[in-house]
Amino acid sequence: MADIHMSAAEAAQIKTSARHGWLLSLPALVVLAAAAVGPLLIVVVYSFLEAGKHGNVVGNFSTDGWRGILWTKDIFTDSYVLADAHLTIFWRSIKLSFLTTMTTFVVGFPTAWFIATRPPKARALWLFLITIPFWTNLLIRTYAINEVIRAEGLLNLALMKVGVISEPLKLIYTDIAVFVGMTYVYLPLMVLPLFAAIDRFDLRLLEAGYDLYASRWQVLRRIVLPIVKPGIIAGSILVFVPSLGAYVTPRVLGGGKQMMIGNLIELQFLAGKNWPLGAALSMTLLVVVTIALLFYVRAANGEKSHG
Amino acid sequence: MTAKNAIEARNVVKAFGQGDTAVRALDDVSVEIRQGEFFTLLGPSGCGKTTLLRLIAGFEMPTDGLILLDGQDITYLPPNKRPVNTVFQSYALFPHLTVAQNISFGLEMMGKPRAEIAARTEKMLALVKLEAMAGRKTSQLSGGQQQRVALARALAPQPKVLLLDEPLSALDLKLRQAMQIELKRLQQETGITFVFVTHDQEEALTMSDRIGVMSNGKLQQVGTAKEIYTTPKNRFVASFIGETNFLAAKADGTKARLASGDVVDLAVPVSGDVTLTVRPEQVRLASANEPGALPATITNLVYFGTDTHVHLALSDGTEVTARVQSPATGDAGLEKGAKAAIRFAPGAVQVVGD
């Protein structure tokens, strides 16, 4: 009897605490407001202000920042002309991010498959090796790539030694260099979610597929890929989003000439002293990424229900 | 060459590992499975029955020997080129596909025309009574329903042979018994050769046309349920299928003298030191003055509902179990420690090898 009485009292207590449960999430809400919503609002506000002469902003409303994304003011005629340099940079960012995502998937999928199908002990070792690059600063890793692909770098020396080429390949400070660097840097971000998905994959389904007359390719396309799709989506997002906003890699390997959106934004805040344009560009990047994600996830889910 | 063989294994050896540590999962197994029969491979876990099934399916290649399908050598043919389908122990249903998509998968991979795939899928859904579930994901089904999807998926491409790897082991008793009848019905309706793997002797006895009993990578005996139960070839077969009594004896023609000094009749004449086996239900309680009755003492009584197991000791202490039908009152009128006499039913005493 005593037990039943106790649990009734406890139940009442639980009910009361459920009513005030939202209080528990208050700290999280505060952090979210302070860390995410607040700064974002500041960026939005800055994008609608006038640029100060020496950076920063002055408190007058202006759409120059937003207009500056696509048009530049010609200082001689005072008319607006299309900012084709910006368009080139946008296009390069999207193109390189897309290529990086594709390549990390093509390279990362067999890697993740290999790791997920090892015995548990070996698997832990391989995963450990995959995460090792994270221990080193991004800048240092990027300079390491620089060392490999620059004109007098290891790659060119090796190729010339073997006699494949007679003159050093011009790789550094090209789109290719940026692409190679980003692929290297973001590869683990593709491998890890793919590994998690493949690890959950029931390998017996492969036999079921072969048993039902599917070829290896059909098993991969009709069984494996649809089932590990959540991992593919997660990996693609983890690679595509930071690729689009990449800053260090294009800076070091693109040599300041092969700029991406991240570098353009930096330019506006520092050398360009045009904070509203920088803020507007940042917002544009955010919107583009959000839209891309929505499309991607929807397309992926739509295909799933279609089968 | 009278009845055609659907599957034939010839001197099949399958070794796992290398050199001294190699384990022979199959040790020179030869078996002929006839067209249209329900053949069961029965044995304890690790006896090699699943390995043999996987060789027939093509998931593994034998170390030595041949596998023939309809007289054609298919030993090294990959699984997707064999007209053989499998019902997996874990079902291995495709979780991203609906019930209907699972069933039509094999037909699609074979490149059948759309109309045929649709018609055949419908037919299969009806066969396993899952028409109402066609659009569901397999994770939304119960264990028994998943089992039926696995069956329909494997039967849809109309294989020459259907392999079933302990497909009922995950189901509870009631469902398992229902599925046993269901499987038998499907086999008779489709006329497809079924090769069924199980460790459950009751399953094997009730469903099979013929049973192959396996242990230690070897096929111990092949025969109908009746043959295997009434005339087991060796000690393993006798003890694995049903319960039995073993008695050491010295035989001379159709008479055999037990260690207790009692003499029993044999069905088949032999001579020398032999092991005899007699099923508990073939042991009868007799009156002491009946000719041929063996004196014994009741050591224990175990009530099983329909039957009562009477444990007895012969004059030298040899243990014999008799299975008698329980009377209406449930009380056999027997007492522990009481003197009794037993007789073996005519023809029930069999000689078994080791």
Side-chain angles (χ1 to χ4, degrees), chain A residues 105 108-109 112-114 116-122 193-237 296-307, chain B residues 50 53-54 56-60 77-112 117 121 124 134-139 146 149-150 152-159 161-165 167:
Chain A
F105 173 70
F109 188 83
W113 186 274
F114 173 83
T117 51
R118 290 313 98 186
K121 240 185 182 170
L194 279 178
F195 164 79
I198 296 170
D199 192 37
R200 281 194 305 270
F201 179 81
D202 181 358
L203 292 172
R204 289 173 295 198
L205 295 180
L206 300 179
E207 278 186 354
Y210 294 135
D211 190 63
L212 292 163
Y213 313 104
S215 64
R216 278 168 165 274
W217 171 245
Q218 283 169 322
V219 166
L220 180 69
R221 214 178 61 79
R222 298 288 301 269
I223 299 171
V224 178
L225 292 182
I227 294 177
V228 303
K229 191 148 59 186
I232 300 174
I233 292 174
S236 302
I237 290 172
Y296 192 76
V297 172
R298 181 170 298 179
N301 285 339
E303 203 180 309
K304 191 193 265 175
S305 62
H306 191 261
Chain B
T50 295
L53 199 77
R54 291 175 62 78
I56 300 172
F59 300 137
E60 318 224 11
L77 210 60
N80 57 357
K81 298 272 193 306
R82 299 183 184 203
V84 171
N85 289 131
T86 308
V87 176
F88 296 88
Q89 186 172 13
S90 61
Y91 311 151
L93 298 176
F94 302 128
H96 60 302
L97 302 180
T98 63
V99 169
Q101 287 167 339
N102 262 280
I103 294 173
S104 60
F105 188 86
L107 297 164
E108 279 178 45
M109 294 301 111
M110 291 168 97
K112 297 277 185 203
I117 294 174
T121 305
M124 284 297 125
R136 298 261 187 106
K137 284 278 163 71
T138 56
S139 55
Q146 292 187 6
V149 177
R153 184 180 71 174
L155 283 171
Q158 292 174 291
V161 178
L162 186 76
L163 308 175
L164 303 105
D165 185 9

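Here is the naming used below: chain letters follow the sequence lines, and residue numbers restart at 1 for every chain. Bear in mind that the values here come from a model prediction, so they are computed numbers and not experimental data.
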Name all residues meeting the side-chain hydrogen bond (donor to acceptor under 3.5 Å, both in side chains) criterion together with A:Ser236; count only those two or more places apart in sequence or in a different chain, and write none if there are none. A:Tyr296
Minimal non-hydrogen separation, A:Tyr213 against B:Asn80, with atom names: CD2-O, 3.4 Å
Side chains of A:Leu205 and B:Pro95: closer than 4.5 Å at any heavy-atom pair? yes
Please list, chain by chain and in numerical order, all residues satisfying side-chain hydrogen bond (donor to acceptor under 3.5 Å, both in side chains) with A:Thr117, sequence neighbours excluded. none
Should the heavy atoms of other residues, nucleotides or ligands under 6.0 Å from CZ of A:Arg118 be counted, would the total exceed 12? yes
If I measure from the heavy atoms of chain A, does B:Arg153 come under 4.5 Å with its side chain, its backbone, both, or neither? both
Any chance you could measure A:Asp211, atom CG, to B:Phe59, atom CZ, to the nearest 0.5 Å? 4.0 Å
What closest approach, in Å, do B:Ala92 and A:Ala208 show between heavy atoms, and which atom pair accounts for it? O-CB, 3.8 Å
Between B:Leu163, B:Asn85, B:Thr86, who has the most heavy-atom pairs with chain A when the cutoff is under 4.5 Å? B:Asn85
Please look at B:Leu107 and chain A and tell me whether the side chain, the backbone, both or neither of the residue comes under 4.5 angstrom of a heavy atom of that chain. neither
First locate atom CG of B:Leu97, then atom CD1 of A:Ile227, and finally report the distance between them rounded to the nearest 0.5 Å. 7.5 Å
Any sub-3.5 Å donor-acceptor pair from B:His96's side-chain atoms to A:Arg222's backbone N or O? yes
Minimum heavy-atom separation for A:Ala214 and B:Phe105, please, with both atom names. CB-CE2, 4.1 Å
Dump the intermediate steps for side chain to side chain contact (heavy atoms under 4.5 Å, CB included) on B:Phe88 and A:Arg204, then the final yes or no. CA-CA 9 Å; B:Phe88 296 88; A:Arg204 289 173 295 198; 5.8 Å; no
